[in-house]
Amino acid sequence: LGVAFLDKYALEKIIEEVESKEANEKEDVKKSEINVSGDFESDYVENHPLFFGNPSDAVFDVSSETNYLMEKSQFTISYNNKKLIPNWVGWHLGQQDLGEAERSDKFIPDVTLPEGWYQVRKEDYQFNLYGFDRGHVCPSADKTASSEDNEATFLMTNMIPQSPNCNRIVWMHLEAYERELVEQGNELYIFAGPYGTGGTGSRGYFEEIVIKKKNGDVYNISVPAVSWKVIMILPESNDDLNAVTKETEVLAVNVPNTQECKYIEGTKESADWQNYICSINYIEEMTGYDFFVLLEDSLEEKLESKIYEE
């Protein structure tokens with residue numbers, strides 16, 4: 001009787017251990033298929049643009065002059081004080097960001113920059129001389145929930161010199177497509193910015209916009225060679241972490257900062273943002289940034305190797 005009891009007890013323990021192991025294995029598979037490792041930890045809450053990671057490890061430290069972290073309610077910036085433009089701007093786009101606020105159109109210097117750093121003004125872009133638009137990185141139309149939100153997008157720390165055909169055609173059409181995705185029930189995590197040196201605006205090729213002040217000071221706004229953008233597309237939910245799977249759609253583009261970007265290279269056939277689709281890996285290799293770094297490595301690589309299809 002005692003032996004039988006022990007055998008029964010041992011059998012129950014074995015069954016319990018097997019079931020526990022199977023449950024853990026299923027959980028591990030679920031985690032690998034769905035999102036990240038079980039030790040996912042973010043310094044930011046869901047819907048914050050850095051929820052899935054800080055692509056350049058930007059820091060809020062005045063000594064970090066070329067990778068200075070600026071956090072706004074509407075978006076987050078890695079600012080480059082030597083180039084006087086952002087390295088990147090990150091923002092979350094969902095239904096809550098879209099409303100009835102009118103376009104501000106008041107381009108303003110960012111007074112939150114550290115003391116002693118030059119605050120770029122609207123007039124510094126000197127369009128008549130250089131021919132580049134003050135191109136929004138985070139679009140005005142992505143932040144219309146309130147007048148305050150829209151006004152923030154006109155801070156000059158959110159601007160880069162863009163060729164008119166890039167800004168007003170290719171880039172604008174992509175921005176409109178992003179909002180279409182949101183209207184279809186999605187939410188987006190977006191990073192965008194400039195790369196390289198030298199673009200062609202309506203007045204020709206320039207590598208920088210020279211600002212000469214009356215007191216003799218001279219500043220230079222870097223003109224980028226391209227404008228890039230990276231987007232993670234998720235179904236609208238309150239659990240973005242678990243919404244990321246190997247089937248998640250991502251979109252990346254790399255648009256030349258030239259007047260010719262509206263044409264397919266070597267032709268006069270019209271081009272649009274679809275002609276400049278690439279992988280996130282391509283943008284990472286170009287810039288040295290690491291997007292969505294908090295995702296489990298195999299999942300991150302799966303998503304970042306994808307080429308978007310409409």
Side-chain angles (χ1 to χ4, degrees), residues 44-52 70-77 79 85-86 88-113 119-123 125 127 132-162 164-193 227-240 243 248-251 253 255 272-274 308 310:
Y44 298 90
V45 298
E46 184 173 298
N47 294 350
H48 189 285
L50 301 188
F51 179 61
F52 291 106
M70 304 182 72
E71 296 198 58
K72 315 291 185 183
S73 299
Q74 300 79 14
F75 46 80
T76 298
I77 302 169
Y79 188 71
I85 55 175
W88 51 258
V89 179
W91 67 101
H92 175 270
L93 179 60
Q95 285 286 353
Q96 69 272 24
D97 299 297
L98 305 177
E100 301 299 325
E102 295 183 359
R103 180 181 169 93
S104 168
D105 266 337
K106 296 178 181 177
F107 294 87
I108 52 176
D110 194 332
V111 298
T112 68
L113 285 168
Q119 299 171 9
V120 177
R121 270 70 172 168
K122 171 184 176 180
E123 59 272 18
Y125 270 57
F127 182 84
F132 292 98
D133 286 353
R134 295 175 293 268
H136 284 72
V137 184
C138 176
S140 162
D142 278 11
K143 299 295 177 182
T144 56
S146 70
S147 296
E148 179 183 0
D149 285 349
N150 192 259
E151 288 166 4
T153 67
F154 285 87
L155 288 166
M156 293 302 293
T157 46
N158 183 44
M159 303 295 155
I160 59 175
Q162 281 186 317
N165 286 347
C166 177
N167 182 45
R168 305 176 196 181
I169 300 175
V170 180
W171 204 246
M172 184 182 72
H173 291 171
L174 176 57
E175 292 170 344
Y177 182 70
E178 295 161 18
R179 291 186 290 276
E180 287 178 15
L181 290 173
V182 171
E183 295 296 341
Q184 293 167 10
N186 298 296
E187 58 179 299
L188 314 180
Y189 284 84
I190 307 173
F191 290 96
S227 297
W228 57 264
K229 183 171 283 188
V230 166
I231 305 171
M232 179 188 287
I233 306 165
L234 300 176
E236 185 78 44
S237 75
N238 293 319
D239 189 7
D240 292 349
T248 293
E249 290 188 295
V250 293
L251 168 59
V253 300
V255 184
D272 214 324
W273 61 267
Q274 294 91 338
Y308 184 76
E310 280 189 273

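Since the model is a prediction, treat every value here as computed from it, not as a measurement.
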H173 side chain vs W273 backbone, donor-acceptor pair below 3.5 Å:
no
Taking everything shown except N238 itself, do over 12 heavy atoms lie less than 6.0 Å from its CG?
no
Please test Q74 against N158 for side-chain contact (heavy atoms from CB on, under 4.5 Å), starting from the C-alpha separation and ending with a verdict.
CA-CA 11 Å; Q74 300 79 14; N158 183 44; over 6 Å; no
Considering only heavy atoms from C-beta outward, does the side chain of Y308 approach that of I233 to under 4.5 Å?
yes
Given side-chain contact (heavy atoms from CB on, under 4.5 Å), test I108 with E151 step by step and report yes or no.
CA-CA 9 Å; I108 52 176; E151 288 166 4; 5.7 Å; no
Distance check, rounded to the nearest 0.5 Å: L174 atom CG versus I190 atom CD1?
8.5 Å
Specify the closest pair of heavy atoms between T248 and M232, including all atoms of both residues, with the distance to one decimal.
CG2-CG, 4.0 Å
Contact summary for P49 and T76, nearest pair of heavy atoms
CG-OG1, 3.4 Å
Can you confirm whether N47 sits close enough to Q96 that some side-chain heavy atom of one is under 4.5 Å from a side-chain heavy atom of the other?
yes
Side chains of Q95 and V182: does their closest heavy-atom pair fall under 4.5 Å?
yes
Give, for atom CE of M159 and atom OH of Y125, the distance between the pair rounded to the nearest 0.5 Å.
7.5 Å
Return yes if a side-chain donor-acceptor contact under 3.5 Å exists between Q162 and D133, otherwise no.
no
Can you tell me if E310 has over 12 outside heavy atoms packed within less than 6.0 Å of its CD?
yes
With a 6.0 Å cut-off (strictly less than), is the heavy-atom count around CD of E148, excluding the residue itself, greater than 12?
no
For residues N150 and S140, is any side-chain donor paired with an opposing acceptor at under 3.5 Å?
yes
I'd like to know whether the aromatic ring centres of F107 and F154 sit less than 6.0 Å apart in this structure.
yes
Between I160 and P86, is there a side-chain heavy-atom distance shorter than 4.5 Å?
yes
Is the closest side-chain heavy-atom distance between S104 and T153 below 4.5 Å?
no
Test of understanding: with side-chain hydrogen bond (donor to acceptor under 3.5 Å, both in side chains), list the residues that count as partners of S237, not counting sequence neighbours.
D240
Inter-residue atom distance N167.CG - F132.CZ, 0.5 Å rounding
12.0 Å
Check: K143 main-chain N/O paired with D149 side-chain donor or acceptor under 3.5 Å
no
Flag side-chain contact, heavy atom, 4.5 Å: E178 against L251:
no
Grab the two heavy atoms, one from P161 and one from I85, that are nearest each other, plus how far apart they are.
CD-CG2, 3.8 Å
Show the nearest heavy-atom pair for residues G193 and V137, with the distance to one decimal.
N-CG1, 4.2 Å
Note, V230 side chain near V250 side chain (heavy atom, < 4.5 Å)
no
Run through L93, L181, L188 and flag the one making a side-chain contact (heavy atoms from CB on, under 4.5 Å) with I231.
L188
Inter-residue atom distance D142.CG - H92.NE2, 0.5 Å rounding
11.5 Å
Separation between CH2 of W228 and CZ of F191, rounded to the nearest 0.5 Å
8.0 Å
Do the side-chain N and O atoms of T157 and K72 include a donor-acceptor pair separated by under 3.5 angstrom?
no
Hey, does the Lys NZ or Arg CZ of K229 hover above the aromatic six-ring of W171, less than 6.0 Å from the centre and inside 45° of the axis?
yes
Using the test salt bridge (Lys or Arg N to Asp or Glu O under 4.0 Å), find all partners of R103 that sit at least two apart in sequence or belong to another chain.
D105
How many angstroms lie between atom CE of M70 and atom CG of L155, to the nearest 0.5 angstrom?
7.5 Å
Does CD in E123 sit with more than 12 non-hydrogen atoms of other residues, nucleotides or ligands closer than 6.0 Å?
yes
Between Y189 and the options Y44, F75, F52, the ring pair (Phe, Tyr, Trp, His ring centres under 6.0 Å) test singles out F52
